[in-house]
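We use all heavy atoms of the structure for the numbers below, so side chains are in, but hydrogens, waters and symmetry mates are not.
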Amino acid sequence: MTRHGKNCTAGAVYTYHEKKKDTAASGYGTQNVRLSRDAVKDFDCCCLSLQPCHDPVVTPDGFLYEKEAILEYILHQKREIARQMKAYEKQKGEQQAERRELSRAAAQEQVRGFLEKETAIVTKPLNPFAAAGGTGTEGSGDSEPGPSTTSAPEDKDKQLPSFWIPSLTPEAKASRLQKPSRAVLCPMSGRPLRLNDLTPVRFTLLDGSVDRVGLITRSERYICAVTRDSLSNSVPCAVLRPSGAVVTLECVERLIRKDMVDPVNGAKLTAKDIIVLQRGGTGFAGSGVTLEAKKSRPVMQA
């Protein structure tokens, strides 16, 4: 088999290309695909709109958002939580009304049972020497049987013979709603997110004369605020909370952590003031970012 004979079937070896081709055509087995550089977002793009940020803000976990997009998301989540809370309160009221109705029905059933027992008591003495169908002696002919002797055939006629008749099937009730949490969750990390947790980010432009439209078409748009190194997905970055400046992690480890002072405005820093910016992958396997897409399909077993 030649070097380019991928579709050749005369070889004695089941090649990797043939295996992948047969797996894709058969519809069985799990497929793994390594995503390329084109499938990941840039470090300065919003996690919601996937577009370069015009007014960026960052969460304590390092996820970058466009301010307008994240505010709209927070408002939408608050409206959704209010709607869910209203539905939960309505369900709670219905459950309370149902419990009151059940307790009222139980009390009525108890009263009905008591009245049935009271009316079943015989007020006149029976003559034990009287025949079953005879008139008996005096004082016993007027005795009447209690109302407890009801006709069983009438009750059987009222019962439906088939369990699959709709009137006898269990009532289909809606699933019960759980009490919703009032906390708004971050769409990326899943942790509670408040408006006060958002920190404004100020990128240092590589070329200040280029407008926003021109920045989108450029691969290198921003630089470190201290060392003037180019920023990209392959360069780990951090945001300084007091000034919002974006610097490289190398600058943080070598310069900023020694004095813990913001080099932009001179403010004191703490460990929480240094926010590591979450970045996309580079497309290389050694970048440390998992960029694999997996599709699980049925597996044929012998």
Give the minimum heavy-atom separation between [X] and [Y], together with the two atoms involved.
X      : Y      : answer
Asp262 : Ser243 : OD2-OG, 2.7 Å
Tyr88  : Pro180 : CB-CD, 4.1 Å
Asp273 : Pro242 : CB-CD, 4.1 Å
Val235 : Ser230 : CG2-O, 3.8 Å
Cys237 : Val246 : CB-CG1, 4.1 Å
Cys186 : Leu193 : N-CB, 4.0 Å

>> Set out, in order, the CA-CA distance, both residues' side-chain angles and the distance that settles side-chain hydrogen bond (donor to acceptor under 3.5 Å, both in side chains) for Ser189 and Asp61, then state yes or no.
In response: CA-CA 7 Å; Ser189 64; Asp61 297 323; 3.1 Å; yes
Inter-residue atom distance [X].[atom1] - [Y].[atom2], 0.5 Å rounding:
X      : Y      : atom1 : atom2 : result
Gln84  : Gln77  : CD    : CD    : 8.5 Å
Arg257 : Cys251 : CZ    : SG    : 11.5 Å
Ile256 : Arg254 : CD1   : CZ    : 13.0 Å
Asp229 : Glu250 : CG    : CD    : 7.0 Å
Ile81  : Met85  : CD1   : CE    : 8.0 Å

> Within the side chain of Asp42, is there an N or O that forms a donor-acceptor pair under 3.5 Å with the backbone of Asp44?
Replying inline: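 Here the side-chain-to-backbone pair does not exist.
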>> Donor-acceptor check, side chain of Arg241 to backbone of Thr199, threshold 3.5 angstrom: yes or no?
In response: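 Such a contact is absent between Arg241 side chain and Thr199 backbone.
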From the options [options], select the one residue that forms a side-chain contact (heavy atoms from CB on, under 4.5 Å) with [X].
X      : options                    : value
Val247 : Thr227, Leu277, Val252     : Val252
Tyr65  : Pro56, Pro187, Cys45       : Pro187
Cys46  : Glu66, Lys67, Glu68, Gln51 : Glu66

With a 4.5 Å cut-off on side-chain heavy atoms, are [Y] and [X] touching?
X      : Y      : result
Arg221 : Leu205 : no
Arg176 : Gln95  : yes
Phe63  : Val58  : no
Thr59  : Leu198 : yes
Cys224 : Thr204 : no

Is there a chain of hydrophobic side chains (I, L, V, M, F, W, Y, each step under 4.5 Å between heavy atoms) that links [X] to [Y]?
X      : Y      : answer
Phe203 : Val57  : no
Leu185 : Met188 : no
Leu195 : Leu75  : no
Leu269 : Val226 : yes
Ile275 : Leu64  : yes

>> Pair Arg83, Arg79 - check side chain to side chain contact (heavy atoms under 4.5 Å, CB included), show working.
In response: CA-CA 6 Å; Arg83 185 191 64 81; Arg79 286 194 294 265; over 6 Å; no
Less than 4.0 angstrom from a charged side-chain N to a carboxylate O is my criterion; do [X] and [Y] meet it?
X      : Y      : answer
Glu109 : Arg112 : yes
Glu89  : Lys86  : no
Lys21  : Glu18  : no

>> Please determine whether the number of non-hydrogen atoms from other residues, nucleotides or ligands lying under 6.0 Å from atom CD of Gln178 exceeds 12.
In response: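 For Gln178, atom CD is not crowded (no more than 12 foreign heavy atoms under 6.0 Å).
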>> Show, in sequence, the C-alpha distance, side-chain angles and deciding distance for Ile274 and Leu240, and conclude whether the side chain to side chain contact (heavy atoms under 4.5 Å, CB included) test is met.
In response: CA-CA 5 Å; Ile274 302 176; Leu240 304 180; 4.3 Å; yes
